[in-house]
Amino acid sequence: MLNDSINSLNPEQKKAVLTTEGPLLILAGAGSGKTRVLTHRIAYLIEQGVRPYNILAITFTNKAAREMKERVCAITPEGDDVWVSTFHSSCVRILRREADKMGYDSRFSIYDADDSERLIREILKGMNISDKVLKPSSVLAEISAQKDKLIGPEKYAKLTEKDFRLKKISDIYTAYQKHLKSNNAMDFDDLIYVCTELFRTRPDVLEKWQDRFRYILVDEYQDTNASQYRLVSMLAQKYGNLCVVGDDDQSIYGWRGADIRNILDFEKDFKDTVVIRLEQNYRSGANILNAANAVIKNNVMRKTKTLRTAAGAGNMLHFYRARSDIEESAFIAEKIAEGVSHGGRYSDYAILYRNNSLSRVLEEGLIRAGIPYRLFGGVRFYGRREIMDILSYLKAICNPGDDMPIRRIINVPKRGIGDTTVAKLAEAAEENGISFYTALLSADAVPSLKGKTKQLEKFAELLVDLRDKAESESVSELIEDILDDTGYRSELEKENTDEARGRLENLQELVNKAVEYEQDNENADLAGFLEEVALVADVDAYTDNADTAVLMTLHSSKGLEFPTVFIAAFEEGIFPGFRAITSGKASDMEEERRLCYVGITRAKEELYFTSARERMQYGSRVANLPSRFLEEIPPDIVEHLSDDRAATENRRSFAYGANRVRPKPVNSYRMPEPKQAVTDFGPGDKVRHIKFGIGTVAAMEEKRDGSFEITVDFDNMGRRTVNSAFANLKKV
DNA sequence: TTACTATGGATTTTT
DNA sequence: TCCATAGTAA
């Protein structure tokens, strides 16, 4: 059965499956069936007598890991014993067993990005540095970048001696790392970093794990950073059976430390590497592939690779330039409605955009047209305030030695313990060399906190009480208790707003997740739940079984495919983004181009690029030119829906290209206020609306932007208020 | 301590 | 525009 399955692969895929020994680099173009290859490869290894236990498969998302595991298990039951997990969870699993060798307790907690940033703020405050001078997020980014490059605090200090600003960051880095260590905590980067340190300093431990993982596979290899690369190469050193799969053209996380050289230089780093190119695309029509190939061809930093397809030309691509962002969203909504009315499903449609702030106007268009949709990204579920609050309670209960979570929730809900009190407590803790929690328990001994003893005692009691309950209760029960005992739930219920109701729903969802976790894990405990929660992302929740259109950023769309794709706001200054245009670095523009390539190759049948002549951005009206990437696509495969020659001409004369004249930032050009929307009707007149039919105008109100809010009593739809800027009412 | 107003800043975010 | 944070008044 496995043999039949392997025989149905194309020659390159087959070779990739059968080449089991030695270093192997698989350059897998978009839609070339790489997951199929990987799963077959694992199954084949097992069939060849490799123990599943000796195989490690690394993916970037939990979702990918889950899917791969399922697919392997579908071929062979033994697949269940293969380690399929993300870099981070693999490292956690290793470190839980080896933590003591690196001076950590095996119950170390994991800081997510928010925890880390809060800690940085804390340190900045302690060092009396304004967060205007050094932005916590950029400090964190710098520290993260160093860890990714395996540069520890000491080494960084040496490197930055001469630069005043960097010297400061170096001090913060040192303090940050010290805090993590003393709180028995690791941030995301540490998970990898500490693991590599462990392997570097303890050859005996390394060898143990080398013997364990004789066959290693890494997916999305183009997205690995230096530390991940180091980790993998150390593990693979002894047996040399390292298979990496990636597509340099889909490297879109360079800004997060992903080092494209990992893939470009793989052959240099691993002698006798076998390179296999999967260029046969099974996803899209030829026009779409040609567009993708044509765009990516403009990048210099890449391994040459051209996608082929056996499919026919397929449909033309479409470009539409609307008058405004609102009209653009209306166009997209209309196209979806049209498609669905011809028998399509909402879930056939994906709307992709460069950044999250663009989602709102697009959503509004869908809402107006009554199209069901789901939005991915934006605020992460686990990033929501109410979720983080309750998780902080859980963390405080689980690991009271960690100050951060307690400090977060000490006054949530409000219980009269303010910043000054917290600062005093922290000081007392510092002076006595005890944890914040211990200081809290004996707060009555601190004279300066006299007036607050009552509140502090009550809070301490609450925590002790909850810790007690945690001993005997399941995680979900504990969450319920936290919600009740702290008054968190009743507070939200009292608020009685839509927002509060939404928060309550989210909290219920958190309880559900806990229940799910308990059902899935035999030895479920609080620490395990927190770990799981720390290492999941929202995209992990994406499923295609709901019949709704999907909105997400281009970044999140990687790895997915849809019959019809809209790439919205395809404009200079947005995509490519303002920063990539002005930075002058060719590599920035190349990454934008790869993102464009990713977007294009998500489409199976139809691909629309949409843009607007002017749009609201940051509160003001801006006019952007169509994206330069549009001109990189052969014109004969793009249908211009807006018959907009003038704009195209305009673009031609615009000197662009980061390597030539640096263009004026397009965002700085402000459009004059629009002409007053002309209407030839007024209250009492009969009008026709494209969707709502005939009605009588009841009222008209001029808006600041010159358009009109028009209230109409429709014969069939009742009273509706529409805006003249997009409603297109006609007098009858 | 909290609740209000002014101000400034604003990609992308697999873990 | 919309958000988070800093500063100020009660």
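Naming convention: chains lettered A, B, ... in sequence-line order (proteins, then strands); numbering from 1 in each chain.
Across all strands, A:Asp189 comes closer than 4.0 Å to no nucleic acid atom at all (heavy-atom distances). Within 4.0 Å of A:Gly577, counting heavy atoms only, lies no atom of the nucleic acid at all. Within 4.0 Å of A:Phe87, counting heavy atoms only, lies no atom of the nucleic acid at all. Using a 4.0 Å heavy-atom criterion, one finds that A:Asn355 contacts the sugar-phosphate atoms exclusively. Here A:Glu592 lies in heavy-atom contact (under 4.0 Å) with a base. Note on A:Asn356: only backbone sugar-phosphate atoms sit closer than 4.0 angstrom, heavy atoms only; bases stay farther off. Heavy atoms of A:Gly418 sit under 4.0 angstrom from primed sugar atoms or phosphate atoms, though from no base atom.
Taking the ring axis of A:Phe629 as reference, the NZ or CZ atom of A:Arg593 does not stay both within 45° of it and closer than 6.0 Å to the ring centre.
Between B:dT14, B:dT12, C:dC2, one nucleotide has an atom nearer to the side chain of A:Arg354 than all others, and that is B:dT12. When the nucleotides B:dT1, C:dT1, B:dT14 are ranked by their closest atom to the side chain of A:Tyr618, C:dT1 comes out on top. Distance from the side chain of A:Trp255 is smallest for B:dT13 among the nucleotides B:dT11, B:dT13, B:dT14. Listed nucleotides: B:dT14, B:dT2, B:dT13. Nearest to the side chain of A:Thr553: B:dT13.
Residue A:Glu67 is tested with A:Arg71, A:Lys69, A:Lys63 for a salt bridge (charged side-chain N to carboxylate O under 4.0 Å, His left out); the sole match is A:Lys63.
At least one side-chain nitrogen or oxygen of A:Ser556 sits closer than 4.0 Å to the OP1 or OP2 atom of B:dT13. In this model, the phosphate group of B:dT2 is approached by a side-chain N or O of A:Asn411 to a distance below 4.0 Å at OP1 or OP2.
Regarding A:Phe376, its CZ atom lies at a distance of 16 Å from the C1' atom of B:dT13, rounded to whole Å. In this structure, CE of A:Met616 is placed 6 Å from P of C:dT1, rounded to the nearest angstrom.
Counting only Watson-Crick and G-U wobble pairs whose two distances sit under 3.5 Å, DNA chain B takes part in these stems of three or more pairs: B:1-10 with C:1-10.
One N or O on the side chain of A:His555 and one on the backbone of A:Ile252 form a donor-acceptor pair closer than 3.5 Å. Side-chain N or O atoms of A:Glu591 include one that pairs as donor or acceptor with a backbone N or O of A:Gly254 at under 3.5 Å. For the pair A:Gln250 (side chain) and A:Lys558 (backbone), a donor-acceptor distance under 3.5 Å is absent.
Contact detail for A:Pro413 and A:Gly487: the closest heavy-atom pair is CG-C, 4.1 Å.
Position along DNA chain B of the nearest nucleotide to A:Lys135 versus A:Thr421 favours A:Thr421 as the more 5'-ward residue.
With 3.5 Å as the limit, one finds no donor-acceptor pair spanning the side chains of A:Asp247 and A:Tyr221.
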